Amino acid sequence: MTGRPSAPAPRTPARLVLASASPARLRQLRAAGFDPEVIVSGVDEDALSAPTPGELALVLAEEKAAVVAALPHVTDALVIGCDSVLDLDGEALGKPADAEEATARWKAMRGRSGVLRTGHCITDTTNGRIASATASTTVHFGEPTDAEIAAYVATGEPLHVAGAFTLNGRSGPFIDGIEGDHGNVIGISLPLVRTLLAELGHSVTDFWT
């Protein structure tokens, strides 16, 4: 008695598209052997909401991927959408609006711990399948002085990143440690990308250049 023939493996799309303007995510993907196209979604992040920071990060990632995947010229592609927020006491903190807010954030964060939550969504435009999940990494903040915070904010760096900090930038000396995937804090969790690709029937090695 013969069993059913196994279903054919999904065809590997010809294109890999990053639906994010983050240069850090692009650098991470390139360093891991990928060469994605970048198509920014233009999603109004302030217009979306969710009950928890983790759910918000996922909603934002899914919306970014959906918008780009729906573009008429985005065909035969895997679209990766990501978005990060810092979960501090259950509040979702994205990019600070201005230097004053960045300064207040750092004074509130120092000596404490928060959770960097990054939503990941991959959409396969060849069949409409979607895989998504949120990665979470605990970040332990050091205790920079008021003068150090002022100097850091003056660089402009914290105005462009979720949570007003970077792990691999000028605020690196103010981070005492992390628990979890460091890449997730920088911008994208490569192990999670591998897991989501596998859910869609693909391997990371299919997209190595």
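What you see is a predicted model, and the numbers here were worked out from it, not measured in a lab. Just so you know, residue 1 is the first one in the sequence shown, and it goes up from there.
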Engineer: Going only through I, L, V, M, F, W and Y residues with side-chain contacts under 4.5 Å, is there a path from L60 to V161?
Structural biologist: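 As far as the 4.5 Å side-chain criterion goes, V161 and L60 are not connected within one cluster.
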
Engineer: To the nearest 0.5 angstrom, please state how far the CG atom of L71 sits from the OG1 atom of T125.
Structural biologist: 11.0 Å

Engineer: Would you mind listing every side chain to side chain donor-acceptor pair (under 3.5 Å) that reaches into residues 27-42, with sequence neighbours excluded?
Structural biologist: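 Matches after skipping sequence neighbours: R15-E37.
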
Engineer: Specify the closest pair of heavy atoms between A61 and C82, including all atoms of both residues, with the distance to one decimal.
Structural biologist: CB-CA, 3.9 Å

Engineer: Drop me the distance from L56's CG to S84's OG, to the nearest 0.5 angstrom.
Structural biologist: 11.0 Å

Engineer: Excluding sequence neighbours, so at least two apart, what forms side-chain hydrogen bond (donor to acceptor under 3.5 Å, both in side chains) with R170?
Structural biologist: none

Engineer: Taking all atoms of both residues into account, what is the closest heavy-atom pair of S171 and E157, and its distance?
Structural biologist: N-OE2, 3.6 Å

Engineer: Could you tell me whether the side chain of V79 reaches within less than 4.5 Å of the side chain of I122, counting heavy atoms only?
Structural biologist: no

Engineer: Would you mind reporting whether V115 and V139 have side-chain heavy atoms less than 4.5 Å apart?
Structural biologist: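 Result no, sub-4.5 Å side-chain heavy-atom pair not found.
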
Engineer: What closest approach, in Å, do V85 and P53 show between heavy atoms, and which atom pair accounts for it?
Structural biologist: CG2-O, 3.5 Å

Engineer: Between R112 and D176, does at least one N-O distance fall below 4.0 Å, as a salt bridge requires?
Structural biologist: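 No.
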
Engineer: Applying side-chain contact (heavy atoms from CB on, under 4.5 Å), name anything that partners S49, two or more places apart in sequence or on another chain.
Structural biologist: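 Not a single residue meets the side-chain contact (heavy atoms from CB on, under 4.5 Å) criterion with S49.
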
Engineer: Assess whether side-chain contact (heavy atoms from CB on, under 4.5 Å) is satisfied between L48 and V43, documenting all intermediate values.
Structural biologist: CA-CA 9 Å; L48 299 174; V43 167; 4.0 Å; yes

Engineer: Say you draw a straight line from CG of L167 to CD1 of I175; how long is it, rounded to the nearest 0.5 Å?
Structural biologist: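 Separation between the atoms: 6.5 Å.
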
Engineer: Sort and list the pairs that fulfil ring-ring contact (aromatic ring centres under 6.0 Å, His included) and have at least one residue in residues 171-205, not counting sequence neighbours.
Structural biologist: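 Found W106-F174.
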
Engineer: Can you list everything that forms a side-chain hydrogen bond (donor to acceptor under 3.5 Å, both in side chains) with T137? Sequence neighbours excluded, please.
Structural biologist: N184

Engineer: Would a single hydrophobic cluster contain both L196 and V17, if residues Ile, Leu, Val, Met, Phe, Trp and Tyr are joined by side-chain heavy-atom contacts under 4.5 Å?
Structural biologist: no

Engineer: How long is the gap from CG on L192 to CG on D181, to the nearest 0.5 Å?
Structural biologist: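 If I round to the nearest 0.5 Å, the distance is 8.5 Å.
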
Engineer: Please name all residues satisfying side-chain contact (heavy atoms from CB on, under 4.5 Å) with L16, sequence neighbours left out, ordered by chain then number.
Structural biologist: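 By the side-chain contact (heavy atoms from CB on, under 4.5 Å) rule, L16 matches F34, P36, L78, I80, F207.
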
Engineer: Got a donor-acceptor contact below 3.5 angstrom from the T155 side chain to the A151 backbone?
Structural biologist: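 Judged by distance alone, no pair lies under 3.5 Å.
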
Engineer: Just verifying a value: how many Å separate L88 CG and L116 CG, rounded to the nearest 0.5 Å?
Structural biologist: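 Rounded to the nearest 0.5 Å, the CG-CG separation comes to 11.5 Å.
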
Engineer: Determine, step by step, whether T123 and R129 satisfy the side-chain contact (heavy atoms from CB on, under 4.5 Å) criterion, reporting the C-alpha distance in whole Å, the side-chain angles of both residues, the deciding distance to 0.1 Å, and the verdict.
Structural biologist: CA-CA 6 Å; T123 298; R129 293 186 63 200; over 6 Å; no

Engineer: L18 versus L26: any side-chain heavy-atom pair under 4.5 Å?
Structural biologist: yes

Engineer: For T138, give me all partners under side-chain hydrogen bond (donor to acceptor under 3.5 Å, both in side chains), at least two apart in sequence or on another chain.
Structural biologist: none

Engineer: Does the side chain of D124 come under 3.5 Å of the side chain of T126 through a donor N or O and an acceptor N or O?
Structural biologist: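 Yes.
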
Engineer: Of the non-hydrogen atoms in A164 and P96, which two are nearest, and what is the gap between them?
Structural biologist: CB-CG, 3.9 Å

Engineer: Do L58 and V193 land in one hydrophobic cluster if side-chain heavy atoms of ILVMFWY residues count as linked below 4.5 Å?
Structural biologist: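 As far as the 4.5 Å side-chain criterion goes, V193 and L58 are not connected within one cluster.
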
Engineer: Is it possible for you to say whether L200 and L190 belong to one hydrophobic cluster, with membership spreading through side-chain heavy-atom contacts below 4.5 Å?
Structural biologist: yes

Engineer: If the condition is side-chain hydrogen bond (donor to acceptor under 3.5 Å, both in side chains), which residues does E179 pass it with, not counting sequence neighbours?
Structural biologist: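 With neighbours one apart ignored, the set is H140.
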
Engineer: Between NZ of K107 and CD1 of I149, what distance do you get to the nearest 0.5 Å?
Structural biologist: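 If I round to the nearest 0.5 Å, the distance is 6.5 Å.
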
Engineer: What side chain to side chain donor-acceptor pair (under 3.5 Å) pairs are there with at least one residue in residues 57-70, not counting sequence neighbours?
Structural biologist: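 Sorted pair list: E45-K64, E62-S132, K64-D83.
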
Engineer: What salt bridge (Lys or Arg N to Asp or Glu O under 4.0 Å) pairs are there with at least one residue in residues 185-209, not counting sequence neighbours?
Structural biologist: none

Engineer: Side chains of T134 and R117: donor-acceptor distance under 3.5 Å anywhere?
Structural biologist: no

Engineer: Tell me if the centroids of the rings in F165 and Y152 come within less than 6.0 Å of each other.
Structural biologist: no

Engineer: Can you name the side-chain contact (heavy atoms from CB on, under 4.5 Å) partners of S22, sequence neighbours left out?
Structural biologist: S20, A24, R25

Engineer: Can you pull the side chain to side chain donor-acceptor pair (under 3.5 Å) pairs that have at least one residue in residues 91-103, sequence neighbours excluded?
Structural biologist: E101-R105

